[in-house]
Amino acid sequence: MDNGLRDSTDAWGIQHRWLDADDVPQEVSDATVARLREVIGEAPDDLEQRAPLVTRPGRDLGLVAGRVLCEDGTERRIEGRVPDDMPLGYHRLHGPDGTDRLLVVSPGRCWLPSRRSWGWAVQLYGARSAASWGIGDLGDLRTLREWTERAGGGFLLVNPLHAVAPTVPLEPSPYLPATRRFRNPVYLRVQDVPGWSPDDAEPDAVRRLGDSPLVDRDAAWQLKRTVLQAAYDRFRSAGGDPDFDDWREQRGPGLQEFATWCALAEEHGPDWHQWPPGLQRPDTEDVASFGRTHATEVGFHAWMQWQLDVQLRSATGGLTVLQDLPIGVSGGGADAWAWQEGVAQGVTVGAPPDALNTLGQDWGSPPMVPWRLRLAEYEPFIESVRGTIAGAGGLRIDHVMGLFRLWWIPEGADATEGAYVRYPSDDLLDIVALESHRAGAVVVGEDLGTVEPGVPEALSSRALLSYKVLWFEEDDPSEWPAEALATVTTHDLPTVAGLWTGSDAEDQLATTGMPEEDVRQGRADLVAKLTRSGLPTDATPEQAVDAAYRELSRAPSLLLSLSLEDAVLEEHRPNVPGTVERDNWRLPLPVPVDALDDVPSARRLVRTVTEALAGDA
């Protein structure tokens, strides 16, 4: 099925030969292979005896036997086969030879909603209102949720809300967070936290944030940080809250570790590599001493995470909110500090050249070494998936192909000079299915770009929804699969208005090194997808948006995603990959979120998809 390419994977997991996006065979250079082998290192001889067993009820485990201590405290025995009534979850398997390993029992399939629905794709930071201090926040998410519910929608799809270092300048990209377990307090609606006082914020400062033509994260965070600190001081002076104490205890050492990292970052900078040697590992006495002497600061960062949890649950209500799981984290951030033994040094992940970017991409995030991830009992992955799903009921896995293989780029090399490194995809997918089952959360796998054979089938077998984008698909929308999230565009692709007017192509030419011929041809190909449906070439942007979403509404897919940028005829996409000088991730919607119901183009989009879904009923 894979033309022998899987056979080209060596003992380090490096794939020496692969097919590019045009199905052309490619060969990895010897220099790249040698460098990646050095980074990966050799797994211990007893890896297979120590690594977790990920399985399902009723499966044959061969010679595996032993006593199982289940999560609920009960005990079971396994003699080569997992009992059909084995409880799902994370258990400990104690073998007769004294071994102790993790046993993960998964249902093998993700949770799925019972009916089709539509929803909005939202860049929350740009979804501003007069109440949100220049950057969209969880109060604005609540407004969007209530608007969506009134219109009959069933979900929201939001950008990653994960935390970055709490120091300015803040990392602007939601896809390069410091952690995938905890959230960014810049999204807090300050007026809703206990202890808040309007006297803490200068009205002119708040007004300047709201009047800024771009989202000014740094200014917003500096003001919010001051006001939140004052609120926390009052909260402590009033005796705190037992609910916070209980929540903090339930979150365990992971929260304490992250809050300590935040306090350390505020004192020593955002990259733990630059900290004093005694602080560069979380398990040192210096770190423990810092936590004791800075308990108030650590408590403040834990308290903000509690407030984020409270506000997110209030914002989402009963609506499914799919949160985005980035492919990785910053190498100097909290997760890389916590799990540094498993992080590959001297490489980053990205993508080879494809239709999205003909030069390839480097996303700047270091990968986990696959065998070290197994020895860590998949804890970094489990915690990331669970932390992202929490409180929202949905998950979108960015670049889901990374669960199968990741494009590793050696330090100093171009994105074209990388190689694919394989991951234990069966285990990772079954863990996703278990977390989805537990949370009652729908899962979407973003499978755009270079997708190797077998990946769509593997996702489908576990009920992970595929990601179908009108701009990329050659098949008629009516032929798209039912188990999918269907959309016209993404945060990395042109808006309909920007495509139709040509302004998006000019933006690409002005901010990337892509050849003009590639950009012009790419635009022509996308325009053809609209005109083939009968849209005249002299149509207005409004008519182009209507045509695009009429096409989308013909898809039988379980979820239909509508872009808020398209709803307000915005010409600028949130992000142009491969740029640094453009204002990526800083563009606000031109319409306040509490005024969206008054926008005719937004109402037309809702009418288009609701009529289509009603026709299927």
Side-chain angles (χ1 to χ4, degrees), residues 1-2 19 21 23 107-121 153-157 320 322 324-325 354-356 393-405 425-426 428-430 432-433 436-437 440-493 525-526 529-530 532-533 548-563 608-617:
M1 185 173 78
D2 55 11
L19 292 177
D23 289 333
R109 286 182 63 82
C110 294
W111 178 88
L112 285 175
S114 59
R115 63 184 181 88
R116 298 179 68 208
S117 62
W118 65 269
W120 296 106
F155 69 92
L156 292 170
L157 172 63
T320 294
L322 290 99
D324 215 334
L325 181 69
D354 57 24
L356 183 61
L395 181 73
R396 174 191 178 273
I397 302 178
D398 187 50
H399 193 69
V400 73
M401 294 85 73
L403 304 186
F404 297 81
R405 62 180 186 177
S425 56
D426 286 339
L428 299 177
L429 289 169
D430 276 354
V432 169
S436 165
H437 174 83
V442 63
V443 181
V444 176
E446 187 261 296
D447 50 353
L448 306 178
T450 305
V451 182
E452 64 177 324
V455 168
E457 294 80 4
L459 299 179
S460 176
S461 70
R462 291 173 175 84
L464 268 81
L465 300 187
S466 182
Y467 198 63
K468 294 300 177 183
V469 180
L470 183 68
W471 290 163
F472 280 159
E473 294 299 320
E474 296 301 326
D475 294 336
D476 187 278
S478 65
E479 299 175 2
W480 293 2
E483 287 193 354
L485 180 147
T487 184
V488 170
T489 186
T490 78
H491 56 259
D492 286 333
L493 295 173
D525 292 342
L526 298 187
K529 291 180 182 292
L530 294 179
R532 73 185 180 187
S533 65
Y549 283 89
R550 281 197 303 272
E551 282 290 287
L552 182 73
S553 67
R554 297 172 53 238
S557 303
L558 187 63
L559 303 180
L560 296 181
S561 176
L562 287 60
S563 163
T608 295
V609 295
T610 52
E611 289 176 353
L613 293 180
D616 292 339

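FYI, the numbering just counts along the sequence from 1.
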Could you please spell out the steps behind the side-chain contact (heavy atoms from CB on, under 4.5 Å) verdict for Arg116 and Leu560? CA-CA 8 Å; Arg116 298 179 68 208; Leu560 296 181; 3.9 Å; yes
I'd like to check the side chain to side chain contact (heavy atoms under 4.5 Å, CB included) partners of Arg550; sequence neighbours left out, ordered by chain and number. Asp546, Ala547, Thr608
Only counting residues at least two apart or in another chain, list the ones meeting side chain to side chain contact (heavy atoms under 4.5 Å, CB included) with His399. Ile327, Trp363, Met401, Leu406, Glu446
With sequence neighbours excluded, residues passing side chain to side chain contact (heavy atoms under 4.5 Å, CB included) with Ser114: none
Which atoms form the tightest heavy-atom contact between Ala458 and Ser461, and what is the distance? O-OG, 2.9 Å
Is Arg532 atom CZ crowded by more than 12 heavy atoms from other residues, nucleotides or ligands, each under 6.0 Å away? yes
Could you check if a side-chain atom of Leu429 sits within less than 4.5 angstrom of a side-chain atom of Phe404, using non-hydrogen atoms only? yes
Leu112 versus Leu465: any side-chain heavy-atom pair under 4.5 Å? yes
Ring pair (Phe, Tyr, Trp, His ring centres under 6.0 Å) partners of His491, counting only residues at least two apart: Tyr175, Trp585
Quick one: side-chain hydrogen bond (donor to acceptor under 3.5 Å, both in side chains) partners of Arg554, sequence neighbours excluded? Asp476, Glu551
Partner set under side-chain hydrogen bond (donor to acceptor under 3.5 Å, both in side chains) for Tyr467, not counting sequence neighbours: none
Would you check if the side chain of Arg109 reaches a backbone N or O of Ala433 as a donor-acceptor pair within less than 3.5 Å? no
What's the spacing between Leu464 CG and Ile397 CD1 if we round to 0.5 Å? 5.5 Å
Where do Trp471 and Leu493 come nearest, in terms of heavy atoms and distance? CD1-CB, 4.0 Å
Thr490 vs Leu448 side-chain heavy atoms within contact, under 4.5 Å: yes
Not counting sequence neighbours, which residues clear side-chain hydrogen bond (donor to acceptor under 3.5 Å, both in side chains) with Ser563? List them please. Glu565
Indicate the atoms forming the closest heavy-atom contact of Pro477 with Leu470, along with that distance. CG-CD1, 4.1 Å
Can you give the donor-acceptor pairs under 3.5 Å from side chains of residues 480-488 to other protein atoms, not counting sequence neighbours?
| unit_1 | atom_1 | unit_2 | atom_2 | d |
| --- | --- | --- | --- | --- |
| Trp480 | NE1 | Asp475 | O | 3.2 |
| Thr487 | OG1 | Thr489 | O | 3.0 |
| Thr487 | OG1 | Ser561 | O | 3.4 |

Pairs touching residues 461-472 that satisfy salt bridge (Lys or Arg N to Asp or Glu O under 4.0 Å), sequence neighbours left out: Asp426-Arg462, Asp430-Arg462, Lys468-Glu473
Taking side chain to side chain contact (heavy atoms under 4.5 Å, CB included) as the test, write out the residues that go with Asp525, two or more places apart. Gln521
Begin with the C-alpha distance, continue with both residues' side-chain angles, and end with the deciding distance and a verdict on side-chain contact (heavy atoms from CB on, under 4.5 Å) for Lys529 and Glu474. CA-CA 9 Å; Lys529 291 180 182 292; Glu474 296 301 326; 3.4 Å; yes
Run the ring pair (Phe, Tyr, Trp, His ring centres under 6.0 Å) test against Trp120 and tell me which residues pass, sequence neighbours left out. Trp118, Trp147
Heavy-atom distance under 4.5 Å between the side chains of Leu459 and Ser466, does that happen here? no
How many angstroms lie between atom CG of Asp398 and atom CG of Leu325, to the nearest 0.5 angstrom? 8.0 Å
Indicate yes or no for a side-chain donor-acceptor contact from Thr320 to the backbone of Phe155 under 3.5 Å, with no hydrogens or angles considered. no
Is any side-chain heavy atom of Arg405 closer than 4.5 Å to one of Thr450? yes
